[in-house]
Amino acid sequence: MRLAIAALLLTLTACATTPDTHGSRSRLVYIAGQKAPCSNGAMKTECLQYREQPTQPWQLNHAPVEGFDWQPGNEYLLKVTEVEVKNPPQDASRVRWHVDKVVEQHPVP
């Protein structure tokens with residue numbers, strides 16, 4: 001009987017983690033109303049700026065953001081799922097963000 005219960009628990013635990021959600025987490029992030037110069041490997045570009053608390057300084061986001069139509073002059077609060085990318089190219093981000101919801105959007109004065 002104990003062996004059957006242990007086998008059942010092991011099976012349920014194995015099913016709880018699917019390949020799609022392995023290595024992912026939900027986050028709330030603020031997105032700035034302007035991009036900032038950054039470099040992605042040898043390429044110079046502009047990156048979104050983000051922070052997790054309104055009082056923190058802005059950080060550069062090098063990760064791709066799926067499902068987000070950023071408009072300059074607007075700040076956003078987004079609920080995102082951050083997913084680890086397995087075997088990314090050498091100069092690419094090891095994570096990508098998928099926007100689950102635009103929680104807030106307002107123009108920056």
Side-chain angles (χ1 to χ4, degrees):
M1 180 70 170
R2 287 185 187 178
L3 184 58
I5 292 173
L8 177 62
L9 288 175
L10 182 60
T11 302
L12 292 175
T13 303
C15 293
T17 303
T18 63
D20 292 340
T21 59
H22 182 71
S24 68
R25 67 179 179 137
S26 290
R27 299 173 70 176
L28 282 174
V29 293
Y30 294 87
I31 304 293
Q34 68 277 347
K35 292 183 177 182
C38 64
S39 61
N40 194 0
M43 187 173 80
K44 302 268 187 227
T45 187
E46 289 189 326
C47 291
L48 290 175
Q49 300 179 84
Y50 79 97
R51 58 187 173 195
E52 294 191 54
Q53 299 295 324
T55 57
Q56 292 178 326
W58 293 109
Q59 300 178 55
L60 296 176
N61 174 39
H62 297 279
V65 182
E66 299 171 351
F68 180 52
D69 183 24
W70 178 82
Q71 298 295 318
N74 289 296
E75 285 188 357
Y76 301 86
L77 175 59
L78 305 176
K79 180 182 178 204
V80 300
T81 299
E82 182 179 85
V83 179
E84 291 181 32
V85 176
K86 295 182 180 186
N87 304 318
Q90 188 171 359
D91 288 339
S93 176
R94 294 158 85 186
V95 297
R96 65 179 163 80
W97 287 357
H98 174 78
V99 175
D100 299 321
K101 181 178 181 181
V102 177
V103 179
E104 293 178 14
Q105 174 183 348
H106 61 273
V108 180

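Numbers here simply count residues along the sequence, with the first being 1.
Residues meeting the side chain to side chain contact (heavy atoms under 4.5 Å, CB included) test with Arg27, sequence neighbours left out: Arg25, Val29, Tyr50, Glu52, Val80, Glu82, Trp97.
Hydrophobic clustering (side-chain heavy atoms under 4.5 Å, transitive across Ile, Leu, Val, Met, Phe, Trp, Tyr) keeps Val85 apart from Val95.
Sorted by first and then second residue, the salt bridge (charged side-chain N to carboxylate O under 4.0 Å, His left out) pairs involving residues 62-79 (not counting sequence neighbours) are Glu66-Arg96.
Nearest approach of Pro37 to Leu60, heavy atoms of both residues: O-CD1, 4.0 Å.
Remark: side-chain polar atoms of Tyr30 are not paired, donor with acceptor, to backbone N or O of Trp58 under 3.5 angstrom.
Taking the side chain as every heavy atom from C-beta outward, Leu48 and Phe68 approach each other to under 4.5 Å. Counting heavy atoms from C-beta on, the side chains of Gln49 and Asn61 never come closer than 4.5 Å. Looking only at side-chain heavy atoms (C-beta outward), Pro72 and Lys35 stay at 4.5 Å or farther from each other.
We find the CD-SG distance between Glu46 and Cys38 to be 8.0 Å, quoted to the nearest 0.5 Å. His62 contributes atom NE2, which lies 10.0 Å from atom OG1 of Thr45 (distance to the nearest 0.5 angstrom).
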Taking distance alone, no hydrogens or angles, what donor-acceptor pairs closer than 3.5 Å link side-chain atoms of residues 98-109 to residues at least two apart or in another chain?
{"residue": "Asp100", "atom": "OD1", "partner": "Thr81", "partner atom": "OG1", "Å": "3.3"}
{"residue": "Asp100", "atom": "OD2", "partner": "Thr81", "partner atom": "N", "Å": "3.4"}
{"residue": "Asp100", "atom": "OD2", "partner": "Thr81", "partner atom": "OG1", "Å": "2.6"}

